[in-house]
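Ligands are counted one by one from 1 in listed order, and the atoms in each one are counted from 1 as well.
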Amino acid sequence: MANDASAVSDAPSSAVSNSPLADPFSPPADSSLWRKNFLLGAATASYQIEGAVDEDGRLPSIWDTFSATPGKVLAGDTGAVACDHYHRWEADIDMLASLGLEGYRLSIAWPRVMDAAGRPNRKGLDFYKRLLNRLKEKGITSFVTLYHWDLPQHLEDRGGWLNRDTAYRFADYADLMSRELAGTVDAWATLNEPWCSAYLGYGNGHHAPGLANDRFATQAMHHLLLAHGLAIPVLRGNDPASQKGIVANIGRGTANSDSAADQRAAHLFEVQHNAWILDPLLKGEYPQDLFELWPGTEPLVLDGDMQTIAAPLDFLGINYYFRTNVASDGAHGFRDVPLEGVERTQMGWEVYPDGLRDLLTGFKKTYRNLPPVYITENGMASDDKVIDGHVDDAQRISFLKRHLAAVDQAIKAGVDVRGYFLWSLMDNFEWAFGYERRFGVVHVDYSTQKRTVKRSAELVAKFLKERKARV
Ligand code: FCB
C-alpha cells in the first residue's frame with residue numbers, strides 16, 4: 001500500500017506547457033550548459049520530504065526531537081508528514097522524469113535503515129532500493145547523500161557528534177548501505193554540509209541537537225570529518241564503480257571597507273565557512289586562523305585522523321546560496337553588516353551570483369588537488385502562490401539563470417564543474433523555518449499534497465528538451 005501509485009491522483013499529467021511568454025531562462029548559445037554531459041538535476045533530503053516518521057520501523061532522529069521542542073521551529077512545524085514522499089515517491093519520480101531532469105540527489109534517513117543495535121531494517125532499506133531502481137529504469141543519475149542531518153536520536157543520547165564513536169557508527173552505516181545498494185547508486189556523498197551540522201547544531205544551537213558552544217562545534221566537526229574519512233574507503237570497497245565525495249556549503253564573505261581590519265574580517269568569515277572544512281579534506285590540516293577567530297577551541301585530534309580525513313575524493317559537492325558582508329568586530333572576529341538596497345529572497349539572503357564564481361575560481365587556486373565539482377544545491381525561497389493552476393516564480397527564474405551563468409564563467413575560467421542540482425525539486429520542510437519558506441521548483445499544497453509545477457521548472461524542462469534534441 002505504501003507505494004501504491006494509484007493513491008496519487010494529483011500528479012501533473014504534462015510538465016511542460018506551451019506558454020506564449022518569451023523564455024527568460026534559456027542560457028546563451030555559448031554557455032557550457034548546452035553541453036550534453038553537463039548534468040542538470042534536482043535535490044531533496046529525507047527529513048525534508050519523506051514524512052512517515054514512525055512507519056516501518058523508522059527510529060526517531062534528532063530532527064524529530066528538535067522540531068517537537070517548542071520554540072525551535074517556526075510555527076511549531078515538524079517533518080512528521082512533510083511532502084508525504086514516503087508514500088508518493090512513485091509519482092514524484094514520474095514528475096522528476098517528466099521534467100526531463102537528468103540527475104536526482106536524495107538522502108537516506110539513517111534511522112529508517114538501521115536499528116539501535118546496528119542491524120538492518122529491511123522495510124526501510126526496501127524503500128530506497130525501490131526508489132533507486134526506479135531512477136535507474138528511467139535513466140536518471142542518482143547522487144545519494146548518507147547523512148543530511150537526521151542523526152538517530154539514540155546516537156545523540158550517547159553524545160552525538162561530540163562522541164568519537166559516532167564516526168565509527170557512521171562507517172558501519174556506510175558499509176551496510178553500500179553493500180545493500182551497490183550498483184544502483186551513481187555517486188555517494190558521505191555528508192551534507194558539515195558546517196551546518198557542526199556550527200548550527202553544536203555551535204549556535206539553531207539546528208538539532210541545539211547545543212551552543214564553539215568548542216563543541218570544532219569537536220563535532222572533527223568527528224563528522226573523521227566519519228567521512230572512515231566511510232570513503234568502505235564505499236570504495238563495496239561499490240567500486242560509483243563516485244565518492246562529500247557536499248560542503250560554502251559562503252562568500254566580502255569586506256565592508258578597504259580597511260585592513262575589515263579585509264581580515266572577510267578573510268576570517270571565509271576561513272570558518274570554507275577552509276574549516278576544505279583544508280582538512282584537501283590539505284589534511286585545519287586552518288590555524290580558525291583558532292585565532294575562536295581561541296582555545298582546538299579539537300582533540302588523534303594520530304592518523306588528518307590522513308583519514310584527507311582520503312582522495314572523486315568529486316566535491318558545493319552548495320551555494322548567498323554572500324555575507326562583514327566588518328571587524330573590533331576584537332579578533334567579524335560582524336555582519338547587511339547591505340542596503342540589494343536584491344534578497346524570502347529567506348532574506350542576498351542574491352549574489354558572482355560569489356559562486358569567485359569562490360569556485362578561488363578554490364581552484366588554493367587547492368591544487370581540487371576534485372571535479374558538482375553544484376549539489378543552489379536555489380532560492382519565494383512566497384509562491386498557485387493562481388489559476390500556475391505558479392509564476394519570476395524571481396527564481398532570474399536567480400537560476402544568473403547562477404548558472406556564474407557556473408559557466410567558472411567553467412570558462414578552468415574550474416571542472418560537471419553538473420548542477422536545483423534546490424529543491426519541491427517545496428519542503430525548511431528546517432528551523434518549517435513550511436513557510438518555499439524552495440521548490442514544484443509547489444506543494446501541504447493540505448492536499450497536490451504538486452504544481454512552477455514556471456521555473458517548466459523552463460528548465462524546456463531547455464533540457466531543446467538540449468536533448470540538438471545534434
Ligand atoms: C541547505 C540544506 C538544504 C536546504 C537548503 C535551503 O543548507 O542542505 O537541506 O535546507 O539549505
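- Relative ring orientation between Trp195 and His273 is described as parallel, the plane-to-plane angle staying below 30° on a 0-90° scale split at 30° and 60°.
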Stepwise salt bridge (charged side-chain N to carboxylate O under 4.0 Å, His left out) check, Arg112 with Asp56: CA-CA 8 Å; Arg112 212 183 266 298; Asp56 289 344; over 6 Å; no

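- Between Glu50 and Arg58 there is no salt bridge, since no side-chain nitrogen of the basic residue lies less than 4.0 Å from a carboxylate oxygen of the acidic one.
- A salt bridge is absent between Asp92 and Arg88: the closest approach of a Lys/Arg side-chain nitrogen to an acidic carboxylate oxygen does not fall below 4.0 angstrom.
- Under the 6.0 Å distance and 45° angle rule, Arg323 counts as a cation-pi partner of Tyr352.
- The pair Asp427-Lys454 counts as a salt bridge, with a side-chain nitrogen and a carboxylate oxygen less than 4.0 angstrom apart.
- Using a 4.0 Å heavy-atom criterion, the residues that approach ligand 1 are Gln48, His148, Trp149, Asn192, Glu193, Tyr321, Glu377, Trp423, Glu430, Trp431, Phe439.
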